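To keep things clear, I will list the structure first and then write my remarks on it.
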Amino acid sequence: MNMDFNVVTSRANARVKQLRAAFAGQARLSGGMVAIEGDHLLEEALRSGMVLKTVFVSERRSVPGIVPRSVEVLRLAQDVFQSVVETQSPQGVAALLVPPVRTLEAVLGAASEAAPLILIACGLQDPGNLGTLVRSAEAFGATGVITTPGTVSAWNQKALRASVGSVFRMPVVSATLDEVAGLRARGVRLLAAVGAEGDAAQGVDFARACALMIGNEGQGLAAEWLEIADGQVTIPCPGPVESLNAGVAGSLLLYEASRQRTRV
Ligand SMILES: C[S@@+](CC[C@H](N)C(=O)[O-])C[C@H]1O[C@@H](n2cnc3c(N)ncnc32)[C@H](O)[C@@H]1O
């Protein structure tokens, strides 16, 4: 299908409008689709088995060779392309994709996996932090990531970029307080990451099934999350800082869990 095409010169083109809505995070107008931009994310999306709806290329460049011939491709006039994309991208390629439907069950990992390792982002607002955490979760072998109500979407443009494609592969699911509390009945210990006065991370057993709850950048973990926790864990900081960045704290705890799990 993606051979040669007419150049779309109108911002009123239906697909262009969908792309713009997706970049703006307007799920209803975009038909629930997600926008991505740049060659690297496009490659990661395809490599990760994402279903691409449409690829958009600026008239100034060619269609990336990795795009399957079955995918719809639209060539946009340069001014139309630049008016739609999130950044002033020099790469001139963007795409609409259908995000995969994922369940809480997927976050627990395959039944053959003895001990789920879950990262729970409790009210994180910074998409860079969330993307970083999803990337670290994949790097350190977590089974999935949960976002709680009020947390920025993992499909946000900045979160996608910070995850460098991990969002395409890691199960990231939204869950309520009750659903998270319900994980305890599945044998998952809920560990609240707190800046001070928790058990020192290196003495906590992360090898058993557990979920690490990371709090909001400003307020930390709200009382209701602390109440359902089975324990509190702190990364000791000898330096005179009040707390660590949420993305850093979660990544360090995931590293410690991975270190314990892969110890021989
Ligand atoms: C920037 S901190 C929040 C700071 C907030 N003022 C507070 O009092 O909690 C964001 C989150 O990172 C995690 N965190 C930060 N420093 C940590 C540490 N030293 N040990 C464990 N978790 C930490 C906690 O989950 C915290 O809620």
Side-chain angles (χ1 to χ4, degrees), residues 104 107 115-154 156 158-159 161-163 166-167 170-184 188-261 263:
L104 201 51
V107 167
L117 172 62
I118 300 167
L119 189 290
I120 308 182
C122 296
L124 265 67
Q125 294 293 299
D126 181 337
N129 280 341
L130 183 62
T132 296
L133 285 170
V134 176
R135 187 179 186 186
S136 296
E138 183 178 36
F140 294 124
T143 46
V145 173
I146 290 174
T147 57
T148 67
T151 300
V152 65
S153 167
N156 168 291
K158 290 191 177 122
R161 281 200 292 275
S163 87
S166 290
V167 171
M170 282 300 290
V172 183
V173 173
S174 172
T176 62
L177 183 75
D178 285 348
E179 287 170 323
V180 169
L183 292 174
R184 297 166 72 185
V188 178
R189 270 175 321 137
L190 303 179
L191 299 173
V194 291
E197 296 178 10
D199 296 330
Q202 58 271 38
V204 174
D205 179 6
F206 294 109
R208 290 160 52 202
C210 61
L212 310 168
M213 299 193 287
I214 305 297
N216 168 273
E217 292 85 355
Q219 277 80 49
L221 280 168
E224 62 264 32
W225 297 104
L226 293 171
E227 275 162 24
I228 62 166
D230 297 299
Q232 298 191 357
V233 55
T234 294
I235 302 157
C237 299
V241 297
E242 191 202 313
S243 66
L244 295 167
N245 163 277
V248 170
S251 298
L252 289 173
L253 291 172
L254 286 164
Y255 165 73
E256 175 60 17
S258 164
R259 190 189 67 79
Q260 290 184 16
R261 285 164 178 243
R263 205 162 38 195

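Only heavy atoms go into these numbers, but all of them, side chains included; no hydrogens, no water, no symmetry mates. On a predicted model such as this, the values are computed, not experimentally measured, just so you know. Note that ligands are numbered from 1 as they come in the structure, with each ligand's atoms numbered from 1 the same way.
With hydrogens and angles disregarded, no donor-acceptor distance shorter than 3.5 Å links the side chain of Arg208 to the backbone of Pro116. A donor-acceptor distance shorter than 3.5 angstrom exists from the side chain of Gln260 to the backbone of Val204, with no hydrogens or angles considered. The backbone N or O of Gly131 lies less than 3.5 Å from no partner atom in the side chain of Arg161, so there is not a single donor-acceptor pair.
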**Request:** Show your reasoning for whether side chain to side chain donor-acceptor pair (under 3.5 Å) applies to Asn216 and Gln125.
**Result:** CA-CA 7 Å; Asn216 168 273; Gln125 294 293 299; 5.6 Å; no
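Regarding atom 9 (O) of ligand 1, its nearest protein heavy-atom neighbour is Gly220 CA, 3.4 Å. Of the protein's non-hydrogen atoms, Val194 O, 3.2 Å is the one closest to atom 21 (C) of ligand 1. Ranking protein heavy atoms by distance to atom 14 (N) of ligand 1, first place goes to Ala249 CB, 3.4 Å. Protein heavy atom in closest approach to atom 3 (C) of ligand 1: Asn216 O, 3.5 Å.
Between the CG atom in Leu119 and the CE atom in Met213 there is a gap of 11.5 Å [rounded to 0.5 Å]. We find the CD-CG distance between Glu227 and Leu221 to be 12.0 Å, quoted to the nearest 0.5 Å. Taken to the nearest 0.5 Å, the NZ atom of Lys158 stands 13.5 Å off from the CG atom of Leu130.
Between Ile214 and ligand 1, no pair of N/O atoms sits closer than 3.5 Å. Among the atoms of Ile235, some N or O lies under 3.5 angstrom from an N or O of ligand 1. Polar contact check, Ala193 against ligand 1: a nitrogen or oxygen pair lies under 3.5 Å apart.
The ligand atoms of ligand 1 that sit less than 4.0 angstrom from a heavy atom of Glu242 are 6 (N). Applying the 4.0 Å criterion to heavy atoms of Val233 picks out, from ligand 1, the atoms 21 (C). Interface of Cys237 with ligand 1, defined as ligand atoms under 4.0 Å from a residue heavy atom, comprises 19 (N).
Atom 16 (N) of ligand 1 has its nearest heavy-atom neighbour, among Leu244, Leu221, Asn245, in Leu244. The residue from Ala246, Cys122, Gly218 that puts a heavy atom closest to atom 5 (C) of ligand 1 is Gly218. Closest to atom 4 (C) of ligand 1 by heavy atom, among Gly215, Ser243, Gly198, Gly195, is Ser243.
Side chains of Asp199 and Gln232: no donor on one and acceptor on the other come within 3.5 Å.
Among the candidates Val248, Ile120, Thr147, Leu124, the single residue satisfying the side chain to side chain contact (heavy atoms under 4.5 Å, CB included) test with Leu133 is Leu124.
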